[in-house]
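Read the structure below first, then the notes.
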Number of protein chains: 2
Amino acid sequence: MSLDEKATKPHDRLAEALAADMDQVNALIRERMASEHAPRIPEVTAHLIEAGGKRLRPMLTLAAARLCGYAGPYHVHLAATVEFIHTATLLHDDVVDESTQRRGRPTANLLWDNKSSVLVGDYLLARAFQLMTDTDNMRVLNILSNASAVIAEGEVLQLTAAQDLRTDESIYLQVIRGKTAALFSAATEVGAVIAAAPEDQVKALYDYGDSLGIAFQMADDLLDYGGSTVSIGKNVGDDFRERKLTLPVIKAVAKADAEERAFWSRVIEQGDQRDGDLDHALELMHRHGALEATRAEALGWSERARHALRLLPDQPLRGMLADLADYVVERVR
Amino acid sequence: MSLDEKATKPHDRLAEALAADMDQVNALIRERMASEHAPRIPEVTAHLIEAGGKRLRPMLTLAAARLCGYAGPYHVHLAATVEFIHTATLLHDDVVDESTQRRGRPTANLLWDNKSSVLVGDYLLARAFQLMTDTDNMRVLNILSNASAVIAEGEVLQLTAAQDLRTDESIYLQVIRGKTAALFSAATEVGAVIAAAPEDQVKALYDYGDSLGIAFQMADDLLDYGGSTVSIGKNVGDDFRERKLTLPVIKAVAKADAEERAFWSRVIEQGDQRDGDLDHALELMHRHGALEATRAEALGWSERARHALRLLPDQPLRGMLADLADYVVERVR
């Protein structure tokens, strides 16, 4: 690998290697998000889908299929499916979270209304399942319907587990599997399945996606408290203000004495937050090594993702996926 | 047929004939609505699914499969699928319509919150697709994912076509196909498909469900203006107050002179409703024969449903389905 290649982000190198496939995915997305009768549907969808998302998830499907030697047309359908499921999830999430901004633009629920976001999300989910039936492969339907159930279950769990100090690391893991890792692992697994890859490669690509998603989300949750280095433009403490029980808080709560516990109960469970509380929370996290421990776990999952790839063919795409596993935790390294 | 049998409602006779199958459907629904991690899911689902709905849609699937001689186990999965899709739709509809009552009880969005209704609906949709993959029949997946897309598209169309006097009968038909008929026709069609029925029977059962759903919804929209006889406990004029462009209004608007058009524009498009407006609207509908014409169309679709059944085996179940087609318009006959 030349120095130049090394300097390019692994995500951009993947995008370049998969450019022809991705053009087809984008064309299929545009075709299938149309609605003969209800123009509101493509309006809302385009607002979100053309807002410059990184298309990471569909790229995972394409990369997995190509890495397993797939030469047919259906990895394109599956990649579009994955992007539709992701987009539907974002539309519903923004309603649930009452968000007003996404990717630096006003959310659909703000520009149109909650009704449109709910119904267009439903339409995209239905379209996703239609796209899957085109592949005529029951196993990919099974994988992606399972992933959809895990995603929704994780969201409901987050709704009920939020603001409850009894939330432990195993519940946190279930929540982030639903929130992020379930679609990552389904995206890579269906790429292997459509390529009729051997079972150990299917399993390896599932493990890669699962570990990558968990590492990605843990790094994100750590960065919300400033990470271990500098800020990345994200407001520090958003999760704190929203009283979310992410891993850094869970780890600090687990080591809290009675006085600290009362503090966490006040700011997270009761939502009574005052000036200086975020600083005190950060101080407690540092005192108990909660940020450092979260960082170690994120790096561990990244390493697991990289390790899972050893069972796959030694090709440039494998190297890019391995670098991607490093990249998602680079911000906290 | 004895007098006693004749006196029983066709819906109840279907329920009796399909009781053993329906027990299995109910058991499967209870099993699949569970969630290991998020108890909120079965709570919300049970509130709606055990509220004494008539299970009309799953019964259509069971009846279609049995009528086509099916002896396997998967009509039960498909019936549960249809009920899950229906329940998910109701959960999302109540959020979209900001409803507070359903089947005489407070809605889930009122008892819990909009978030839970959106996410539990998503969970049930995912569960529906999981159930379908159990059948290992790609064609039923295709039919039911198409139906899901038509349902969501119809809802979005209703959102944008509502309160716009340019809405005509063809748009109305698309809306009620989405709202009601698409799931009826998918329910009967998949029953025939899983039974591997000949194509003319599959088509006949699709036509039956489609016509039955349209007749049902037209009768419902007519009853909202009091029907042609007595009231049935439903508040007359709910649709009027919600400014919905249903068939009786569309027919009256089509024959309106300039002064009448101004009236409709004020009460429906601008939503400026005053005392006596509902009475005046009813008077205009009577003047132009809009209620009578709606009634005639509902009866025509009911007759079409009955007619479609002629291609199916002459068995007691066929008679019950034919009587059901009469029954859905009996309230307006």
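The basis for the numbers below is simple: all heavy atoms, side chains too, and nothing from hydrogens, waters or symmetry mates. Given the structure is predicted, the values throughout are model-derived calculations rather than measurements.
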Relative to chain B, which of A:Ala88, A:Ser145, A:Ala38 shows the most heavy atom pairs under 4.5 Å? A:Ser145
So which heavy atom on B:Ser116 is nearest to which on A:Leu159, and how close? OG-CD2, 3.5 Å
Contact summary for B:Lys115 and A:Val96, nearest pair of heavy atoms: CE-O, 3.0 Å
Given that the side chain runs from C-beta out, which part of B:Glu153 has a heavy atom under 4.5 Å from chain A: side chain, backbone, both or neither? both
Might you work through the side chain to side chain contact (heavy atoms under 4.5 Å, CB included) test for B:Leu141 and A:Met138, ending with a clear yes or no? CA-CA 9 Å; B:Leu141 273 150; A:Met138 193 58 76; 3.3 Å; yes
Do you know which of A:Asn114, A:Thr133, A:Leu157 has the most heavy-atom pairs under 4.5 Å to chain B? A:Thr133
Quick one: sort the B:His92 and A:His92 rings into parallel, tilted or perpendicular, breaks at 30° and 60°. perpendicular
So CG of B:Asp122 and OG1 of A:Thr89: to nearest 0.5 Å the spacing works out to 7.5 Å
Answer yes or no: is there a side-chain heavy-atom contact under 4.5 Å between B:Val95 and A:Val95? no
Looking at chain B, which one of A:Thr160, A:Leu119, A:Asn142, A:Asp113 has the largest number of heavy-atom pairs inside 4.5 Å, strictly under? A:Leu119
Distance from B:Tyr123 atom OH to A:Glu155 atom CD, nearest 0.5 Å? 13.5 Å
Structural part of A:Asp136 lying under 4.5 Å from a heavy atom of chain B: both
Select, from B:Asn146, B:Val150, B:Ile171, the one with the greatest count of heavy-atom pairs under 4.5 Å involving chain A. B:Asn146
A side-chain contact here means heavy atoms from C-beta on lying under 4.5 Å apart; do B:Ser148 and A:Leu125 qualify? no
